[in-house]
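All residue numbers refer to positions in the sequence shown, counting from 1.
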Amino acid sequence: MKILFVLTSHDQLGNTGKKTGFWLEEFAAPYYALKDAGAELTLASPRGGQPPLDPKSSDPSAQTDATRRFAADPAAQAELANTRKLAEVRATDFDAVFYPGGHGPLWDLAEDKHSIALIEQMIAAGKPVAAVCHAPGVLRHVKAQDGEPLVNSRKVTGFSNSEEAAVELTDVVPFLVEDMLAANGGEYSKAADWAPHVVVDGLLITGQNPASSEPAAKALLDRLRGA
């Protein structure tokens, strides 16, 4: 199993002057779930190199077994510090792709032509695409082979409007994930705020929030194993 992780390179939280990036739990939990299952992982980002970490995901309250394992894993840290440039990776080299969230992807990956093309090529080749929390935002401009939005008539989830309101960033983000998925024809569902919720619709696997990141990775494994 060769799995590509695509992380954000965007570190500015709108015009607030605050930093954002990827959410540590949403990278670390899937990283270890997939690596421990024997997958060969490759990390990429639009700019390559070290992706920006959302500083809030380093708060003690946000730590989990997976993030603590990552903090004690120099090899994984080195891998993260040297992501490949997204423009240089090819869909043909991978069996699946996983997008960790954090607010960063709403600004760069949602609009990135290489990311959009990658997802379209993966789906067209019958390969699964997984995204958690804010990362379903990367599906914003992705089209199915019939030219319709990829999420049209598909069951999906992602960071909910109520969760965005809870972190007080509704008026900061460029778009709301829940609203975008619904506007593109997605059949959006959610669980209670911060509760795990993963939706699988064919090759598309989406998770609602940080708590959904490891279950989404396990759903991806099941898909790859033909379960």
Is the NZ atom of Lys190 crowded by more than 12 outside heavy atoms at less than 6.0 Å?
-> yes
Locate the shortest heavy-atom distance separating Ser213 from Val132; write the atom from each residue and the value.
-> CA-CG1, 3.9 Å
Search all heavy atoms of Ala219 against all heavy atoms of Val198 and return the closest pair with its distance.
-> CB-CG1, 4.2 Å
Check whether any side-chain heavy atom of Phe22 lies under 4.5 Å from a side-chain heavy atom of Leu53, and answer yes or no.
-> yes
ring-ring contact (aromatic ring centres under 6.0 Å, His included) with His103: which residues, sequence neighbours excluded?
-> His134
Step-by-step side-chain contact (heavy atoms from CB on, under 4.5 Å) determination, Val156 to Asn184 | CA-CA 11 Å; Val156 289; Asn184 279 350; over 6 Å; no
Heavy-atom donor-acceptor pair, Gln63 side chain to Ser57 backbone, under 3.5 Å = yes
Interatomic spacing from NZ in Lys2 to CG in Leu41 - rounded to 0.5 Å | 12.0 Å
Closest contact, heavy atoms only, Gln145 versus Ala124 = NE2-CB, 3.7 Å
Could you pull out all residues at least two apart from Leu176 that satisfy side chain to side chain contact (heavy atoms under 4.5 Å, CB included)?
-> Asn161, Glu164, Thr170, Val173, Asp179
Val97 side chain reached by Val129 side chain, heavy atoms, under 4.5 Å | yes
Shared hydrophobic cluster for Leu204 and Leu4 (ILVMFWY, side-chain gaps under 4.5 Å) | yes
Mark yes or no for whether Lys127, through its side chain, and Phe94, through its backbone, hold a donor-acceptor pair below 3.5 Å.
-> yes
Got a donor-acceptor contact below 3.5 angstrom from the Glu120 side chain to the Val142 backbone?
-> no
Is there any salt bridge (charged side-chain N to carboxylate O under 4.0 Å, His left out) pair reaching into residues 44-68, and which pairs are they, with sequence neighbours excluded?
-> Asp65-Arg68
Glu79 meets the side chain to side chain donor-acceptor pair (under 3.5 Å) criterion, sequence neighbours left out, with Tyr31
Applying side chain to side chain donor-acceptor pair (under 3.5 Å) to Thr8 and not counting sequence neighbours gives Asp108
Here the gap from Leu34 atom CG to Lys218 atom NZ, rounded to the nearest 0.5 Å, amounts to 10.5 Å
Among the clusters formed by ILVMFWY side chains lying less than 4.5 Å apart, do Phe5 and Leu224 turn up in the same one?
-> yes
Here the pair of heavy atoms bringing Ala211 nearest to Ala195 is CB-C, 4.4 Å
So the salt bridge (charged side-chain N to carboxylate O under 4.0 Å, His left out) pairs with at least one residue in residues 134-144 (sequence neighbours excluded) are Glu111-Arg140
d(Gln208 CD, Glu178 CD) to nearest 0.5 Å is 8.5 Å
Contact list for residues 32-72, test ring pair (Phe, Tyr, Trp, His ring centres under 6.0 Å), sequence neighbours left out | Phe27-Phe70
Can you find a pair of side-chain heavy atoms, one from Pro100 and one from Trp23, that are under 4.5 Å apart?
-> no
Calculate, to the nearest 0.5 Å, the distance between atoms OG and CD1 belonging to Ser212 and Ile205 respectively.
-> 13.0 Å
Excluding sequence neighbours, so at least two apart, what forms side chain to side chain contact (heavy atoms under 4.5 Å, CB included) with Ala135?
-> Tyr99, Ala131
Side chains of Leu109 and Leu86 in contact at under 4.5 Å (non-hydrogen atoms) = yes
Within one Ile-Leu-Val-Met-Phe-Trp-Tyr cluster: Val89 and Leu7, side-chain cutoff 4.5 Å | no
If you look at every heavy atom in Ala37 and Arg225, which pair is closest and at what distance?
-> CB-NH2, 3.4 Å
According to a 4.5 Å side-chain heavy-atom criterion applied to Ile, Leu, Val, Met, Phe, Trp and Tyr, with indirect links allowed, do Leu203 and Met122 form part of one hydrophobic cluster?
-> yes
At what distance, to the nearest 0.5 angstrom, does OG1 of Thr64 lie from CG of Leu24?
-> 7.5 Å
Linking I/L/V/M/F/W/Y whenever their side-chain heavy atoms sit closer than 4.5 Å, directly or via other members, would Leu106 and Leu150 fall into one cluster?
-> yes
Heavy-atom side-chain contact between Leu80 and Pro51 under 4.5 Å = yes
Under 4.5 Å between any side-chain heavy atoms of Thr206 and Val151, yes or no?
-> no
What pairs meet the salt bridge (charged side-chain N to carboxylate O under 4.0 Å, His left out) rule with one or both residues in residues 5-28, with sequence neighbours excluded?
-> Asp11-Lys19
Any side-chain heavy-atom pair of Val138 and Asp112 under 4.5 Å = no
Could you grab the distance from atom CG of Leu43 to atom CG of Asn82, nearest 0.5 Å is fine?
-> 9.5 Å
For residues 147-157, which residue pairs qualify under salt bridge (charged side-chain N to carboxylate O under 4.0 Å, His left out), counting only residues two or more places apart or in two chains?
-> Lys155-Glu187
Closest non-hydrogen atom pair, Gly48 against Ser9 = N-OG, 4.4 Å
Residues that Arg84 engages under salt bridge (charged side-chain N to carboxylate O under 4.0 Å, His left out), provided they are two or more places apart = none
Keeping to residues at least two apart or across chains, list the ring pair (Phe, Tyr, Trp, His ring centres under 6.0 Å) pairs with something in residues 168-211.
-> Phe159-Trp194
